[in-house]
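Please read the structure below before turning to the comments.
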Amino acid sequence: MSRISRSEYARRRKALMAQMEPNSIAILPAAPVYIRNRDVEHSYRQDSDFQYLTGFPEPEAVLALIPGREHGEFILFCRERDAERELWDGLRAGQEGAISEYGADDAFPISDIDDILPGLIEGRERVYHSLGMNAEFDKRLMDWINVIRAKARQGAQPPNEFVALDHLLHDLRLYKSAGEVKVMKHAAEISAQAHIAAMQACVPGLNEYQIEAELEYVFRKNGAKHAAYSSIVAGGKNACILHYTENDQPLKDGDLLLIDAGCEIDCYASDITRTFPVNGRFSTEQRAIYDLVLKAQHAAFAAISPNNHWNDPHEATVQVITAGLVELGLLSGDVDELIANEAYKPFYMHRAGHWLGMDVHDVGDYKLGGAWRVLEPGMVLTVEPGIYIAVDNQNVDKRWRGIGVRIEDDVLVTKDGYEVLTASVPTDADAIEALMAQARANRAA
């Protein structure tokens, strides 16, 4: 069962329905099952919006919310109990479980949806639905609408308006409750332990996938069924490939290792990046780049507080990184002009972070009315500046080439400022070296 309480799911549904126009219905399908190869399915993961409103973990389900309906506002269509199928595929909640365990007011077999849902839609003026997210379901929904339209001469009233459900729902999801923050802290702590284990295990001669195995072991050992995304374990120049996931190269003495990995708990993500020396000691150039990225991250943290804008932390990182690259001789010129001309982009080509929640790149608008969004308590974002010096960058001295560094933490906006949820895994270069030295000493003992 979910760590989010039933009462919280009910509050979320109530908050959504409060924003819906009168005489309307919201319809949302569960995530489909995807085939991995022939008759083997990908590990099932519920649609984030569906999970947010129901906590219901099964496929082949449809949620209908009807504000003000006399016989109950929360209706769930789901699979029936089936002893034979449950023998093969695991237990199902069934209609009784949907009501008793997940708080549905009414529950019907998914096999009866064609007969029942059109009757629930009929007479409603508006349908709230996330069109374009699931083409197959969109078609089914239009078929149900057309069934009602075909009966118009008999007095049936089809809805006359479709409204984007995701716009309302995703704004709700942007603000994390105390219950959500607790789950996210749990995911963050497991991921932090995994990164520490990776630092402790790393020695030259291992392969990237062996370090990935250390991460996954800690995830699973602590109850996280899934990584929140494909782990990046990038040694040496591979760190300059932002979404490197092959993780199949040997780790070389003298190289850095960049790990971007986080687990998921109850569909809530964590997202951590650390960069450290394979042999446990930063070279002079590696340390210079690393310390600059860390300085940029600290500047971004300082820009996070209520009433500051979403873009303030990013602008802080650009300022620090550009000035630092000039100081190191990797860029030359006036810092303000270099920023205006985006001269830092070959070294720092991504933004400083993203929303974090049920999706790694979580939902929520970054701009409202053309202006950067104001940060508010309950929002969670990542802060992940980086510097990447391509191996073929002929504009810099050879000693810098192939160095890639990113440092990423998960940050909650609080009423007084911010809280770093992933602070238990070190970022200070001396602390990282000390941690790795202690691990080597323990192995030698």
Side-chain angles (χ1 to χ4, degrees), residues 194-216 231-261 272-297 321 324-325 327-331 344 346-350 384-408 425-445:
H195 278 264
I196 289 169
M199 290 176 183
Q200 291 170 326
C202 187
V203 290
L206 291 181
N207 199 290
E208 291 166 345
Y209 56 69
Q210 290 174 286
I211 300 299
E212 183 178 15
E214 297 286 340
L215 297 165
E216 292 185 352
S231 299
I232 297 168
V233 183
K237 65 180 187 294
N238 296 333
C240 297
I241 303 168
L242 297 183
H243 291 160
Y244 173 83
T245 55
E246 281 78 4
N247 302 349
D248 62 359
Q249 296 299 305
L251 297 171
K252 298 173 186 171
D253 198 341
D255 277 353
L256 292 177
L257 175 58
L258 184 156
I259 298 177
D260 187 339
I272 303 176
T273 305
R274 291 292 184 269
T275 310
F276 55 90
V278 169
N279 63 12
R281 300 287 296 178
F282 288 95
S283 73
T284 303
E285 289 78 16
Q286 290 168 349
R287 178 69 183 253
I289 297 297
Y290 185 90
D291 285 347
L292 177 53
V293 173
L294 186 59
K295 184 181 178 184
Q297 192 193 40
I321 285 173
L325 290 173
E327 210 171 294
L328 293 173
L330 293 161
L331 283 176
Y344 59 87
F347 302 97
Y348 178 35
M349 61 291 293
H350 58 78
E384 50 175 316
I387 294 174
Y388 315 88
I389 307 169
V391 284
D392 58 356
N393 187 338
Q394 300 299 314
N395 299 319
V396 302
D397 194 282
K398 191 176 181 180
R399 64 199 171 102
W400 299 105
R401 293 176 201 164
I403 295 176
V405 173
R406 181 165 65 254
I407 306 170
E408 177 179 23
V425 51
T427 54
D428 177 76
D430 290 337
I432 289 170
E433 288 186 347
L435 177 74
M436 296 182 74
Q438 184 62 53
R440 284 198 303 274
N442 291 345
R443 280 195 296 271

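Values in this document were obtained by computation on a predicted structure and should not be read as measured data. Note that the numbering runs from 1 along the sequence shown for the chain.
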For residues 287-296, dump all side-chain donor-acceptor pairs below 3.5 Å to protein atoms at least two apart in sequence or in another chain.
unit_1: R287; atom_1: NE; unit_2: D291; atom_2: OD1; d: 3.2
unit_1: R287; atom_1: NE; unit_2: D291; atom_2: OD2; d: 2.9
unit_1: R287; atom_1: NH1; unit_2: D430; atom_2: OD1; d: 3.0
unit_1: R287; atom_1: NH2; unit_2: D430; atom_2: OD1; d: 3.2
unit_1: Y290; atom_1: OH; unit_2: T427; atom_2: O; d: 2.4

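Taken from CD1 in I232 to CD in E246, the straight-line distance is 10.5 Å, to the nearest 0.5 Å. Between D248 atom CG and N238 atom CG the span is 8.0 Å, to the nearest 0.5 Å. To the nearest 0.5 angstrom, Q210 atom CD is 8.0 Å from L251 atom CG. In this structure, the separation between CG on N207 and CD on E212 is 10.0 Å, given to the nearest 0.5 Å. The distance from atom CD1 of I321 to atom CG of L328, rounded to the nearest 0.5 Å, is 11.5 Å. The distance from the CG atom of L206 to the CD1 atom of I211 is 5.0 Å, given to the nearest 0.5 Å.
Counting only distance, with no hydrogens or angles, the side chain of R440 and the backbone of N279 share a donor-acceptor pair below 3.5 Å.
Between Q286 and T275, every side-chain heavy-atom pair lies at or beyond the 4.5 Å cut-off. Contact annotation: the side chain of E408 never approaches that of Q297 to less than 4.5 Å [non-hydrogen atoms, C-beta and beyond]. Proximity of C240 to V391: side-chain heavy atoms (C-beta onward) are nowhere separated by under 4.5 Å. At least one side-chain heavy atom of F347 sits under 4.5 Å from a side-chain heavy atom of L325. Contact annotation: the side chain of R274 approaches that of I407 to within less than 4.5 Å [non-hydrogen atoms, C-beta and beyond]. Here the side chains of L256 and P277 are in contact, with some heavy-atom distance below 4.5 Å. Taking the side chain as every heavy atom from C-beta outward, R401 and K398 approach each other to under 4.5 Å. Between L242 and M349, some side-chain heavy-atom pair lies under the 4.5 Å cut-off.
The two residues A194 and L215 make their nearest non-hydrogen contact at O-CD2, 3.5 Å. In this structure, H350 and Y388 approach most closely via the heavy-atom pair NE2-OH, 2.7 Å. For P426 against A431, the heavy-atom pair with the smallest separation is CB-CB, 4.0 Å. Nearest heavy-atom pair, C202 versus L257, reported as atom, atom and distance to 0.1 Å: SG-CD2, 4.0 Å.
Taking the six-membered ring where tryptophan is involved, the planes of Y348 and Y344 are tilted, since the angle between them lies from 30° to 60°.
With 3.5 Å as the limit, one finds a donor-acceptor pair spanning the side chains of E208 and Y244.
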Just do the ring pair (Phe, Tyr, Trp, His ring centres under 6.0 Å) check on F276 and H195 with the steps written out, would you? CA-CA 11 Å; F276 55 90; H195 278 264; 8.4 Å; no

Give the C-alpha distance, both sets of side-chain angles, the deciding distance and a yes or no for side-chain contact (heavy atoms from CB on, under 4.5 Å) between I259 and M199. CA-CA 10 Å; I259 298 177; M199 290 176 183; over 6 Å; no

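Listed by first and then second residue, the salt bridge (charged side-chain N to carboxylate O under 4.0 Å, His left out) pairs involving residues 250-261 are D260-R406 (not counting sequence neighbours).
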